[in-house]
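Along the sequence shown, residues are numbered consecutively beginning with 1.
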Amino acid sequence: MLDFSEFSGLVLFMFIFTAGFWLLIFLLTFVVPYWIGGTIWENFKLKRDAKKSAEGK
């Protein structure tokens, strides 16, 4: 059987492990696609503006 210090260490380890797991899931499903999509959109706008300015000259 676990005494209190071992049990509290196990609970703390499990909390840190699961918090890291859910943070990784959040980053892979929301943050990274948002970042990639924003980068693609900004590059598209820059190319579109460069094309407009080249046609205007």
Side-chain angles (χ1 to χ4, degrees):
M1 204 62 190
L2 296 175
D3 63 350
F4 181 72
S5 65
E6 292 173 339
F7 177 72
S8 62
L10 178 66
V11 169
L12 183 63
F13 169 76
M14 291 304 292
F15 174 75
I16 292 170
F17 180 76
T18 56
F21 174 75
W22 288 114
L23 179 64
L24 181 67
I25 295 298
F26 172 73
L27 288 174
L28 290 177
T29 57
F30 293 107
V31 176
V32 173
Y34 181 78
W35 180 33
I36 292 171
T39 302
I40 291 170
W41 181 249
E42 286 295 320
N43 286 336
F44 173 72
K45 287 195 315 187
L46 287 172
K47 288 179 184 177
R48 186 179 61 191
D49 292 342
K51 190 176 180 182
K52 282 183 184 179
S53 66
E55 289 174 355
K57 286 185 178 179

Least distance between heavy atoms, E6 atom then M1 atom: OE1-O, 4.4 Å
Mind checking whether F30 and F26 have parallel, tilted or perpendicular rings, split at 30° and 60°?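 Tilted: the ring planes of F30 and F26 meet at 30° to 60°.
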At what distance, to the nearest 0.5 angstrom, does CZ of F21 lie from CE of M14? 11.0 Å
Output the distance between atom CG (L23) and atom OG1 (T18), rounded to the nearest 0.5 Å.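 Those atoms lie 11.0 Å apart.
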Expected list for residues 38-49: side-chain donor-acceptor pairs under 3.5 angstrom, two or more places apart:
| unit_1 | atom_1 | unit_2 | atom_2 | d |
| --- | --- | --- | --- | --- |
| T39 | OG1 | W35 | O | 2.9 |
| E42 | OE2 | K45 | NZ | 3.4 |
| N43 | ND2 | T39 | O | 3.4 |

Restricting to side-chain hydrogen bond (donor to acceptor under 3.5 Å, both in side chains), what partner residues turn up for K51, sequence neighbours left out?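 By the side-chain hydrogen bond (donor to acceptor under 3.5 Å, both in side chains) rule, K51 matches no residue at all.
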